[in-house]
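Below is one structure, written out as structure tokens, with a few remarks after it.
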Amino acid sequence: MTLRFHDSATATVRDFVPLQKGKASLYYCGATVQGEPHIGHVRSALAFDQLTRWLQTSGYEVTVVRNVTDIDDKILVKAAENNEPWWALAYRFEQAFENAYDSLGILKPTYEPRATGHIPEMHALIQTLIERGHAYPALDDSGDVYFDVRSWKAYGSLTHQNIDDMQAAPDADPRGKRDPRDFALWKGHKDGDPETAKWESPWGAGRPGWHLECSAMVTKYLGTEFDIHGGGLDLRFPHHENEMAQSQAAGHGFANFWMHNGMVTYQGEKMSKSIGNTINPREMLELARPLVVRYYLGQAHYRSVLDYRPTSLAEAGAAVERIETFIEAARKQLFPGNGFGYIGTRPEAFAAAMDDDLNVPAALAVLHETVRAGNTALAAGDADRVQEAFLAVLGMADALGMNPLDEKWATAAGSPAALGALDVLVKAQLEARALARAEKNWAESDKIRDLLAAAGVVVADTAAGATWSLQK
RNA sequence: GGUGGGGUGGCCGAGAGGCGAGGCAACGGACUGCAAAUCCGUGCACACGGGUUCGAAUCCCGUUCCCACCUCCA
């Protein structure tokens, strides 16, 4: 069984061969922190979280770097509109992104560098590009420095485009450029720009252009050549194309794999900052538990379009509860006490699905099939098979970052002491109800059940007696 | 104009020449005092038209519709 990933640069699914045996280096584009995160941002991070976890599960030591682009045109514009320092706005939204990532259980990267902390590295890269004849100071005296796309024959290769076939950008400002497609590595300081957004450089004071920060930072932390570069599909062009061009033109091998996640659409249309049809993760978390949101966002293949509909979260919730119900029932049967330890397993079919370019939907099918087998075993009282299914379900859920038993997802449950007290109280009610039932006093029995239900305690009658759980 | 991805049962969503994907919803049954949960069963799914093949959702040709990117985008 071989680990295979889709590589956008070659447009093929091919075997993953790490540069260093047993290690994997992953860089994926985080946010330009110019506004609240929307679901698309989170889906992207989740896709690469699934990738990270599967690499780890497969035994790789993974180094993950995700950038924060904390200086760019939009940040400056919005800060000015807001009458707020740009760095305050950027940091505010950076934290909003962190919160969104955290709430969905997205693993922290190994490191998360900020663009503004890497100006010297960017200068070095620009210098190299100028020396190699792939960049030039603006032909006017703007202080800009541009990448010369015509000087780099491979330009367009990531997205399989030919420069001459591209539609000319209607709003391209050709001032000072040799070719309208040349992009800014460095933007000269202009009157009116904040003084705090100004750094000295050999080409005059200014600030970095978009694209450059990623090249500079990935090289610093992962080296001139690394395993995987990721990001949203919409970043392929121009962002990743430009990144690849400027890094390779500087003599770097750069990324071995380019992985791009699909967009999230809202009723068929791409969610986009510019259109404004976005859903805030916070809004989604008001509609469903974090685990359910994670399940929903992660259930489709990462390269597929994910279309959000109003019923999506409820459906995901039902699927999650099915898994949880089995885990709870199995746990109670296998480990009647509170504490237990386990070593999760993963069926071959699950691993095969994940190895095949992270086929999460197929992997989830294995998980659900295992849940059904486990439920059947529970009904049959086959403890060995229950345990087998239990360990497999937990192992698979762990690999996907969706283990309901993980304290990360604890919701209504309070401290162990509080839960213990609640258990005593509820059990007293259940005993009273058992007595009523023995007397076939259904009115009394149902009254107790309704009372508990009103308090958020769900009662379930099983062959072994009544059990309870908190309403999810 | 260029580049790429798609149209799968009521909905979501995998698969990619023969073998049940899976989930949600619905209906029928089992279990249950009734529920809930669970299990079993049901749906003649592959945009359309041709073709190749013993066999096509999957390959080929044509048609059609949708989406994304082409310097703000995860």
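Below, chain A is the first sequence line, B the second, and so on; all start at residue 1. Computed from a predicted model, the values in this text were never measured in an experiment.
B:C39 atom C1' lies 14 Å from atom CZ of A:Phe326, rounded to whole Å. Rounded to a whole Å, the CD atom of A:Glu369 is 7 Å from the P atom of B:G23. One can place OH of A:Tyr296 at 11 Å from P of B:C12, the figure rounded to the nearest angstrom. Distance, A:Arg236 CZ to B:U3 C1': 8 Å, rounded to whole Å.
Rounded to a whole angstrom, the distance from the P atom of B:U8 to that of B:G15 is 14 Å. Comparing B:A14 with B:C46, their C1' atoms are spaced 13 Å from each other, to the whole Å. Between B:U53 and B:C60, the two C1' atoms lie 12 Å apart (nearest whole Å). Taking the P atom of each, B:G22 and B:A16 are spaced 16 Å apart, rounded to whole Å.
Between A:Tyr28 and A:His229, the distance separating the two ring centers is not shorter than 6.0 angstrom.
Taking OG1 of A:Thr159 as the reference point, atom NE2 of A:His240 lies at 11.5 Å (rounded to 0.5 Å).
The base of B:G33 sits within donor-acceptor range of the side chain of A:Ser445, with an N or O pair under 3.5 Å. Remark: the A:Gln299 side chain and the B:G13 base include no donor-acceptor N/O pair separated by less than 3.5 Å. Taking 3.5 Å as the limit, the base of B:A35 and the side chain of A:Arg449 contain a donor-acceptor pair of atoms between them. Residue side chain A:Arg181 does not reach the base of B:C70 through any donor-acceptor N/O pair under 3.5 Å, judged by distance alone. Side-chain atoms of A:Asp307 and base atoms of B:C11 include no donor and acceptor less than 3.5 Å apart. Side chain A:Asn359 to base B:G15: no donor-acceptor pair is found below 3.5 Å.
A salt bridge links A:Glu36 to A:Arg282: one of the charged nitrogens lies within less than 4.0 Å of a carboxylate oxygen.
Side-chain contact check for A:Thr2 and A:Asp15: no donor-acceptor pair (N or O, by modelled atom type) lies under 3.5 Å.
Residues A:Ile39 and A:Ala11 each lie close to RNA chain B; by heavy-atom proximity, the contact nearer the 5' end of the strand is made by A:Ala11.
No side-chain donor-acceptor contact under 3.5 Å links A:His301 to the backbone of A:Gly262.
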